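Keep in mind that this is a model prediction, so the values were computed, not measured. No hydrogens, no waters, no symmetry mates; every other heavy atom, side chains included, goes into these values.
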Amino acid sequence: MMKKEKSSYIIQTVIHALDLLEQFHGDVVELGVTELSKRLDLHKNNVFRLLATLESHNYIEQNRSTGSYRLGLKNLELGQTMIRQMGLLRQAKPVLETLTAHCHETSYVALLQDAHIIYLDAVESDLPVRVVPRVGARLPAYCTAAGKVHLAAMAAEELVQHLPASELERCTPHTIVNREELQRQLLQVVAQGYAIDDEELDVGVRCISAPIRDYTKRVVGALSISGPVMRFTAERIAGELVPLVRTGAAEVSARLGYS
């Protein structure tokens, strides 16, 4: 079977929506339906439907006094997220390489998105038995070391918004599914300055993570080291890996302006 060209997967309606958003550039602040219809060479009804769809997700908002449309706050939110992620990635990469060179284990940089942790980048271990990086994967925050680092920095009312509304799913026999027990562990994370995932996401895997802060002192990411339990003994975690990950996270934080 011949592989299809990427152009054959393009959805024309999405193209029209993106073209509409791109009309708001330079000094263009607001545009009406008629002007957008002319610019896009689309019928007014089609433009109105596009606007209504984008408005429902806050990519477009209507100025009620003029009836014209302008960019919504969602665009700013996405732009800030990209800037934050790119800055974090750029500053974390050399630190990840140093961490893995020192301990020969897989290291990650991750951030929180809603109730999930997302690994943005990783440097893989060179050992035969190793943890395979899950870059781009969305993993439950409550049972990952990186997730606990983020959750521990939150106030109680914010924490509720970043945990599943229903019961916490048990990923392994070691997953903490009791919310009170999780709260106690998060307090411990704050006190000690790092978090541990003790086979809570994957059986046979342990992970240590420390918070990355920016110039506002806010936790904007987490630096992690993970590997098989046979190498991640309590002695090695305390004596080697915790100091490594905390020093690495402090270095990335300093690069982001934290002091």
Side-chain angles (χ1 to χ4, degrees), residues 88 99 103 105-120 122 130-213 217-250 252-253:
L88 182 59
L99 282 181
C103 66
E105 303 293 354
T106 300
S107 59
Y108 305 87
V109 61
L111 55 73
L112 186 73
Q113 190 175 81
D114 299 322
H116 295 85
I117 203 73
I118 299 176
Y119 291 120
L120 298 178
R130 59 185 180 271
V131 173
V132 178
R134 297 182 182 178
V135 175
R138 290 168 58 85
L139 305 170
Y142 63 90
C143 59
T144 60
K148 291 179 193 176
V149 158
H150 282 85
L151 297 176
M154 296 178 182
E157 57 273 15
E158 186 183 4
L159 179 61
V160 172
Q161 300 172 11
H162 288 83
L163 289 175
S166 56
E167 292 184 3
L168 303 182
E169 182 182 351
R170 189 178 294 279
C171 298
T172 76
H174 305 279
T175 305
I176 298 173
V177 294
N178 180 281
R179 291 174 187 266
E180 288 73 23
E181 185 180 350
L182 178 62
Q183 288 271 20
R184 287 193 293 271
Q185 190 173 100
L186 294 180
L187 290 174
Q188 186 179 350
V189 170
V190 173
Q192 64 193 19
Y194 64 91
I196 294 180
D197 156 17
D198 189 5
E199 300 187 80
E200 295 161 51
L201 178 67
D202 296 300
V203 173
V205 176
R206 288 192 178 119
C207 183
I208 303 97
S209 187
I212 297 170
R213 299 178 184 271
K217 305 188 187 308
R218 200 165 49 90
V219 174
V220 295
L223 202 68
S224 304
I225 302 174
S226 63
V229 293
M230 63 184 181
R231 293 200 300 266
F232 275 52
T233 61
E235 293 76 18
R236 188 185 181 210
I237 288 173
E240 177 191 359
L241 300 178
V242 165
L244 263 180
V245 80
R246 292 191 68 184
T247 300
V252 179
S253 297

query = Closest approach of Phe232 and Ser226, non-hydrogen atoms and distance?
reply = CZ-C, 3.3 Å
Rounded distance (nearest 0.5 Å) linking atom OH of Tyr142 with atom NE2 of His116 = 8.5 Å
Value rounded to 0.5 Å, distance of OG1 in Thr175 from CG in Asp197 = 8.0 Å
key: Test applied, side chain to side chain contact (heavy atoms under 4.5 Å, CB included); reference residue, Pro211; option that passes from Val149, Val252, Val190   = Val149
task = Identify which one of His162, Arg138, His150 satisfies the side chain to side chain contact (heavy atoms under 4.5 Å, CB included) criterion when paired with Gln113.
result = Arg138
ask   = Which atoms form the tightest heavy-atom contact between Val219 and Ala153, and what is the distance?
value = CG2-CB, 3.6 Å
task = For residues Leu223 and Ser107, determine if any side-chain heavy atom of one lies less than 4.5 Å from a side-chain heavy atom of the other.
result = no
request  = Report yes if some heavy atom in the side chain of Arg206 is under 4.5 Å from a heavy atom in the side chain of Arg236; otherwise report no.
outcome  = no
ask   = Measuring from Leu201:CG to Cys143:SG, what's the distance to the nearest 0.5 Å?
value = 5.0 Å
task = Any chance you could measure Thr106, atom OG1, to Leu99, atom CG, to the nearest 0.5 Å?
result = 11.5 Å
task = Start with the C-alpha gap between Asp202 and Val131, add the side-chain angles, then the distance that decides, and say whether side chain to side chain contact (heavy atoms under 4.5 Å, CB included) holds.
result = CA-CA 10 Å; Asp202 296 300; Val131 173; over 6 Å; no
request  = Search all heavy atoms of Val189 against all heavy atoms of Ala195 and return the closest pair with its distance.
outcome  = CG2-CB, 3.7 Å
ask   = Under 3.5 Å, is there a donor-acceptor pair between the side chain of Thr144 and the main chain of Ala141?
value = yes
request  = Measure the spacing between NZ of Lys148 and CG of Leu112 and express it to the nearest 0.5 Å.
outcome  = 14.0 Å
task = Could you pull out the closest heavy-atom pair between Leu163 and Leu182, with the gap in Å?
result = CD2-CD2, 4.1 Å
Flag, side chain of Thr172 to backbone of His174, donor-acceptor distance under 3.5 Å = yes
ask   = Within a strict 4.5 Å, meaning less than it, do heavy atoms of the Arg218 and Arg213 side chains meet?
value = no
ask   = Mind checking whether Leu111 and Ile212 have side chains closer than 4.5 Å, heavy atoms only?
value = no
ask   = Would you say the side chain of Glu240 lies within less than 4.5 Å of the side chain of Glu105, judging by non-hydrogen atoms?
value = no
Least distance between heavy atoms, Ile208 atom then Val242 atom = CG2-CG2, 4.0 Å
message = Applying side chain to side chain contact (heavy atoms under 4.5 Å, CB included) to Leu241 and Cys103, what does each step give before you reach the verdict?
response = CA-CA 8 Å; Leu241 300 178; Cys103 66; 3.9 Å; yes
query = Are any of the side-chain heavy atoms of Leu159 and Gln183 separated by less than 4.5 Å?
reply = yes
message = So, taking the atom named CD in Glu181 and the one named CG in Leu186, what distance separates them when rounded to the nearest 0.5 Å?
response = 11.0 Å
task = Measure across Val245 and Ser209 and return the closest heavy-atom pair with its distance rounded to 0.1 Å.
result = CG2-CA, 4.3 Å
query = Under the salt bridge (Lys or Arg N to Asp or Glu O under 4.0 Å) rule, what pairs show up with a residue in residues 154-176, not counting sequence neighbours?
reply = none
